[in-house]
Amino acid sequence: MTTLVLVESPSKARKIAAYLGQGYQVRASLGHVRDLPAKKEDVPARYAKEPWARLGVDVAHGFRPLYVIPKAKAGVVKELRQAAERAGRVILATDGDREGESIAWHLAQLLGLKDPERMVFHEITPDAIRQAVAHTRPLDYRLVGAAETRRVLDRLSGYGASPLLWDAIGPGLSAGRVQSAALALLAQREHARLNFVAAAFWRVTARIGQPTFTAAVTHVNGQALATPKDFGPDGTVNPGVLLMTPEQAEKLVAFLKARPAAVQSVEATPFSTRPPAPFTTSTLQQAASIQLKLAPKQTMDEAQRLYEGGFITYMRTDSPGLSDEATRAARAAAQAAHGPDSVPERPRTYAPKTSTAQEAHEAIRPTGRAFRTPAETGLAGTQADLYDLIYRRTVASQMTDLRGTRTQVTLAVGRVTLGASGRVITDPGFTRAYQDEEPDPDEQALPPIQAGEMHDVRDASAERRTTPAPRRYSEASLVRALERQGVGRPSTFASILSTLATRGYTTVRQRQLVVTWLGLLVTQYLGRSAPDLVDPAFTAKMEADLDRIAEGQLTRLECLTGTWTDSLDPTFRRAPRDAPTLALPKLPGVVVGVRGGQPTLFGDGRLATLPPDLLPEDLTPELAQALLAGERVPARSRRTPKADVPKGKRQRKARGEPHTPRTPRRSKG
DNA sequence: CAGTGAGCGAGCTTCCGCTTGACTT
């Protein structure tokens, strides 16, 4: 009789099968095999009439979940059942994390396993697999309970809050613990930009000495010159600093040009920088975004192909750790390419930065006891670029520190103080293999210089600068922000972004994530009606609860009762069903609200549907007035909620109008 | 009389996390 070993991924199954050899059959579940019904038609007939059928969770009876086999998984389950019948023994070898334990339990249920045998391994080497097979354990039902609690909570909160949005804003909208927290981050940043008032200041620099270097004026008559950090987001300046007029700046330049500079002090401090850790899913997405200009989705698609081709380890991971074998391979690769001294004596080890990490997998790295160099892989195109990035990052992670000296020079021209900073690299260390970003081009190497010296001022100039608005998130930087807060998982980072886009909450402009009016309105509504969902702390609290469930200090029922029955449910019940409105400081006299499911501009007793491609930042007061005056207003005749619309406007028929709402009208509840 | 349009009511939408490959565009 053979032993059936069940894993999640088919690639993993092939590899393990090769290591286990005869007597073992290894099959893949392709992820979860059962789930709560997504919609009513997935609910079996005998439960369809139940009041909880829409949720798939019988809240009144201990939050009992109803599990069904999704259509897409029917074939897999059938095959696994047949394989299990033929096998003498079944070992559940799904991933060693919370969801993996849950999948193992579902499989045990579906296959009717009496005493389910569980094995877990964290690296795929012959040794690790043999060890794991020899040391199976029973299922961890507490961990399974934690996973189920997570699932039920996400269902109840998501399916509880989304209908509020249908009533208040429009049909088909969605809210959830992860997507709404992500959207709130974007909305917060967008509001910061909308409220931001830029301020101008002067930066005065001089070219000094031979060879020349650049120094910037820091003080005049002992008073500090305004720099960006002296300004508030409303454009006000810290009263203690000097904000020069153009005339003053010009005078200062003329003053500098006429006199030599005295070196007051030279401070040199050595520095060293450690290499970045091997890639996790989020850091890979971040680096591929910056260096290869890939969107997270593209990165994951290419990485999936590299994984299936056997070039890299699993690409959905939160662990930056390398196995001993991989550590040795990385060190060997570094030494082969950069010399025996390119690695420190002791291997480096890496641990995850976030406490929510589950660490079921290794870091993303080249496979094998000896890494194939990018040239040896025979890969081409984007796949080759991504492999190269992963290869270099992995090798660099075992190399020596970058070392150098930072020098800070203070100079004086009369009562004007200038500062110059420079950086000299004494040992490039790991940067020979990998660098996160291009080195700063402004970075200068200062010539040898001593306190007390006098140097000629060769030139001076003043440059008008403005304070920068808070930067928008890129897709990858949003993922990084979410991961830091413990929101979302490696397997979902890319899909969170696509959910936000599909709902019309965000668009991507020049590789930046931009929130739409709809996204702002949804966040505004949720902030009042479901504040937990826009708060990353909600996930943090949930994770803490789940850990306690896994450790047996909290029951599933206590957690769900406390979170749902005593908190979320009453909040949702009390939630207002009327549409949110946004008042914007730079748009006095107008308000953005909702009419017929569409973001709409209200003002002056008139209204206008906002064109869907008009982003919040692009709505100027002039444009708002033009829209309200009826220009480019899609005047599709539809019942108006309460705003009084001039009859003529409502009857203006639009032909071939570009902004026809795609969603059907729904009556207000 | 036929065609059109307004109005009504019923039914639907939705979560997160795990995995590929089958679909379009």
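In what follows, chains are A, B, ... by sequence order, proteins preceding strands, each numbered from 1.
S29(A) comes within 4.0 angstrom of nothing in the nucleic acid, heavy atoms only. S157(A) comes within contact range of no nucleotide atom at all, as no heavy-atom separation falls under 4.0 Å. Nucleic acid contact for G176(A): sugar-phosphate only, since backbone atoms but no base atoms lie under 4.0 Å from a heavy atom of the residue. Within 4.0 Å of G160(A), counting heavy atoms only, lies no atom of the nucleic acid at all. Residue L153(A) is out of contact with every strand shown, counting any heavy-atom pair closer than 4.0 Å. At a threshold of 4.0 angstrom between heavy atoms, the contacts of A38(A) include nucleobase atoms, whether or not backbone atoms are also involved. Contacts of F493(A) with the nucleic acid, taken as non-hydrogen atoms under 4.0 Å apart, are absent.
Proximity of S174(A) to the phosphate of dC15(B): a side-chain N or O atom is located under 4.0 Å from OP1 or OP2. Between K40(A) and dC12(B), a side-chain N or O to OP1/OP2 separation shorter than 4.0 Å is absent. Residue R316(A) places at least one side-chain N or O under 4.0 Å from the OP1 or OP2 atom of dT19(B).
Side-chain N/O atoms of R177(A) and base N/O atoms of dC16(B) include no donor-acceptor pair closer than 3.5 Å. Interface remark: the R489(A) side chain does not form any donor-acceptor pair with the dC18(B) base, using a distance-only criterion of under 3.5 Å.
Judged by closest nucleotide on DNA chain B, S162(A) is the one of S162(A) and K12(A) placed further toward the 5' end. For E41(A) and S491(A), each mapped to the nucleotide of DNA chain B holding its nearest heavy atom, the one lying further toward the 5' end belongs to E41(A).
Residues H361(A) and E123(A) bring no donor and acceptor atom of their side chains to less than 3.5 Å of each other. A side-chain donor from one of E148(A) and Y67(A) sits under 3.5 Å from a side-chain acceptor of the other. Using a 3.5 Å distance cut-off with no hydrogens or angles, the side chains of R177(A) and T539(A) do pair a donor with an acceptor.
For the pair R14(A) CZ and dT20(B) C1', the interatomic distance rounds to 11 Å; values are reported in whole Å. Taking atom CG of residue D42(A) and atom C1' of nucleotide dT13(B), one finds them 14 Å apart after rounding to whole Å. Rounded to an integer number of Å, the gap from E148(A) CD to dC18(B) P is 16 Å. Residue Y67(A) contributes atom OH, which lies 14 Å from atom P of dC18(B) at whole-angstrom precision. The separation between D318(A) atom CG and dC18(B) atom C1' is 14 Å, rounded to whole Å. L30(A) has its CG atom 10 Å from the P atom of dT19(B), to the nearest Å. The OH-P distance, from Y505(A) to dT14(B), rounds to 10 Å in whole Å.
Between Y47(A) and W52(A), the ring-plane angle classifies as tilted under the 30° and 60° cut-offs.
Among the nucleotides dC15(B), dT20(B), dG17(B), the one closest to any side-chain atom of Y314(A) is dT20(B).
Residue D301(A) forms a side chain to side chain donor-acceptor pair (under 3.5 Å) with just one option from K297(A), Q298(A), R305(A), and that option is K297(A).
We find that E101(A) and R118(A) are joined by a salt bridge, their nearest charged nitrogen and carboxylate oxygen being less than 4.0 Å apart.
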Would you sort out whether E483(A) and T280(A) count as a side chain to side chain contact (heavy atoms under 4.5 Å, CB included), showing the intermediate values?
CA-CA 11 Å; E483(A) 190 194 41; T280(A) 62; 4.2 Å; yes

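Between A48(A) and K40(A), the closest heavy-atom pair is O-CE, 4.2 Å.
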Just to be sure I follow the notation: if a pair is Watson-Crick (purine N1 to pyrimidine N3 plus N6-O4 or O6-N4) or a G-U wobble (N1-O2 and O6-N3), each under 3.5 Å, what dot-bracket string does DNA chain B give, with | for pairs to another strand?
.........................

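Here Y159(A) does not pack flat against the base of dC15(B), since the 5.5 angstrom centre distance and 30 degree tilt limits are not both met. Here W166(A) packs flat against the base of dT13(B); its ring centre is closer than 5.5 angstrom to the base's six-membered ring, tilted by less than 30 degrees.
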